[in-house]
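Comments concern the structure below.
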Amino acid sequence: MLFYTVLILFWGCTRTGSHTRLSASFSVNILTIASVCQCAGSIMSSLSVLPVECLLQPFPVPQRLMLGPGPSNVPARIAAAGAQPMLGHLHTETIEIMNQIKSGIQYAFQTRNRVTLAVSGPGHAAMECAIFNSLEPGESVLIAVNGIWGERAAEIAERIGAKVNTVVTSAGGYFTNEEIEQVHIMPVVFFLTHGESSTGVVHPIDGIGDLCHKYNCLFLVDSVAALGGTPICMDEQGIDIMYTGSQKVLNAPPGTAPISFSERACQKIFNRRTKPISYFLDLSWLANYWGCDDKPVRVYHHTGPVSSFYGLRESLAILAETGLENSWKRHKEVAEYFHKGLEEMGLKLFVQDKKARLPTVTTIVAPPGYDWREITGYIMKTYNIEISGGLGPSAGMVLRVGLMGCNSSKANVDKVLEALAEALKHCHKSRV
Ligand code: PMP
């Protein structure tokens with residue numbers, strides 16, 4: 001149909017030649033035709049790169065149940081908040097929204113830290129913000145690697161010329177405080193992933209803050225995949241820098257990353273000898289932009305993602321209404337219900353130690369004899385549910401199912417258990 005419309009318009013455009021020869025009544029038509037021609041692929045345009053035809057059609061995005069390790073589904077209330085009218089990123093109302101986001105993050109993190117804000121970017125941006133600001137070239141960092149996020153942190157730290165030391169455990173494992181203390185290195189920063197989404201482990205945190213402070217070291221925690229779904233209290237547990245992502249338990253779209261810095265961390269960061277490598281992620285700038293410093297005015301640093309701030313504010317409001325403890329409890333109960341269902345089906349959980357199982361992202365041993373890709377593909381095609389395979393050290397070894405925020409419900413568990421059972425019936429199984 002569109003092809004014929006374009007053909008007729010094209011005929012009209014070429015037949016008419018120059019506007020000067022047109023009658024008055026026809027000139028209205030030709031103007032319409034010309035503007036449609038422009039929209040329909042710049043037929044009259046002298047440009048050499050034309051828009052592709054598909055770009056001129058609406059793109060229908062399907063409804064899908066997002067039970068992978070993130071992003072999670074975005075509830076209508078958060079999506080509606082994000083669709084509110086645009087404001088300037090330094091307008092009074094935007095600043096008020098940012099202030100409310102800061103308070104929401106302080107509640108979610110359980111911290112009174114003044115320097116608490118949301119980085120404009122995904123979890124990786126917060127990760128780089130934490131590492132770029134807290135470490136100077138040549139300084140030593142100790143990174144606990146029990147999955148891909150420790151590996152990534154090590155690579156980021158290496159790139160800025162830090163002295164990187166790692167302590168590594170096998171996928172599915174974690175470290176005791178004694179094991180951490182036995183690493184005879186005096187780092188400036190110790191990095192640990194709270195919820196390892198690649199392996200499905202929730203790392204114990206108690207006592208590590210004290211241990212770090214005993215050695216005058218900053219304790220840096222990645223809680224992208226765990227925050228809001230399992231207990232963590234930044235101040236009480238002596239965490240100096242912590243960050244998360246918007247798209248997991250918080251159920252906001254990806255693209256903003258809450259982060260907080262203790263006074264101890266700020267002392268170190270604001271007295272650096274060298275400037276952080278990234279202008280965009282420089283904490284002095286960000287702290288001012290978020291009104292966390294003593295300066296009377298907020299200076300333009302970058303254009304914050306205003307619509308994403310509306311969404312993030314709403315997601316933090318939902319968490320506040322739900323209550324952190326209720327959220328932790330629900331994630332735990334739903335995860336245990338899921339784990340029981342999996343074991344009843346004869347599937348095995350990847351993390352042996354029950355108390356180390358991350359309630360937000362479950363890792364299931366890839367069913368022997370099956371190709372995991374066929375299972376995830378079948379579930380997507382037949383049930384319109386996303387679940388995923390492994391990542392980094394767990395690649396090829398596991399299936400991963402995320403039950404985060406509004407997706408953490410027994411009804412969703414029932415759906416995914418049914419989908420898995422059907423997939424195991426219908427996917428090819430070789431003899432093992
Ligand atoms: N850390 C952890 C524990 C994560 O699970 C993720 C995202 N899967 C990230 C960091 C990176 O977040 P993003 O993809 O938003 O950059």
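Both counts, for ligands and for their atoms, begin at 1 and track the order of listing.
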Numbered atoms and elements of ligand 1 in range of [X], under 4.0 angstrom, heavy atoms:
X	value
S197	3 (C), 4 (C), 5 (O)
P122	13 (P), 15 (O), 16 (O)
A225	5 (O)
G195	3 (C)
D222	1 (N), 2 (C), 3 (C), 10 (C)

Contact (N/O only, under 3.5 Å) between T193 and ligand 1: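 No - when backbone and side-chain N and O of T193 are compared with those of ligand 1, no distance drops under 3.5 Å.
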side-chain contact (heavy atoms from CB on, under 4.5 Å) against R77, all qualifying residues, sequence neighbours excluded: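 Counting only residues at least two positions away or on another chain, R77 forms a side-chain contact (heavy atoms from CB on, under 4.5 Å) with E314, A317, I318, E321.
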Per-residue contact class, K248 against ligand 1 - non-hydrogen pairs under 4.0 Å: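 K248 to ligand 1: side-chain contact only, backbone stays beyond 4.0 Å.
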Check: N146/T169 side-chain N/O donor and acceptor closer than 3.5 Å: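 Side chains of N146 and T169: no pair found under 3.5 Å.
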Side-chain H-bond candidate by donor/acceptor type, E178 with Q182, under 3.5 Å: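 No donor-acceptor contact under 3.5 Å links the two side chains.
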Shortest protein heavy-atom distance from [atom], along with the residue and atom involved:
atom	result
atom 12 (O) of ligand 1	G123 CA, 3.4 Å
atom 16 (O) of ligand 1	H124 ND1, 2.6 Å
atom 6 (C) of ligand 1	W149 CZ2, 3.3 Å

4.0 Å heavy-atom contact, Q247 with ligand 1: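 For ligand 1, residue contact (heavy atoms, under 4.0 Å) with Q247 is present.
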Ligand 1 contact by G245, heavy-atom criterion under 4.0 angstrom: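 In this structure, G245 fails to qualify as a contact of ligand 1 - no heavy atom is under 4.0 Å.
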Partners passing ring-ring contact (aromatic ring centres under 6.0 Å, His included) against W372 (at least two apart in sequence or in another chain):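 Scan of W372 (ring-ring contact (aromatic ring centres under 6.0 Å, His included), adjacent residues dropped) gives none.
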Please determine whether the number of non-hydrogen atoms from other residues, nucleotides or ligands lying under 6.0 Å from atom [atom1] of [X] exceeds 12.
X	atom1	answer
E93	CD	yes
D294	CG	no
N216	CG	no

Identified ring pair (Phe, Tyr, Trp, His ring centres under 6.0 Å) partner of W149 from the options H203, H124, H194: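 Of the listed residues H203, H124, H194, the ring pair (Phe, Tyr, Trp, His ring centres under 6.0 Å) partner of W149 is H124.
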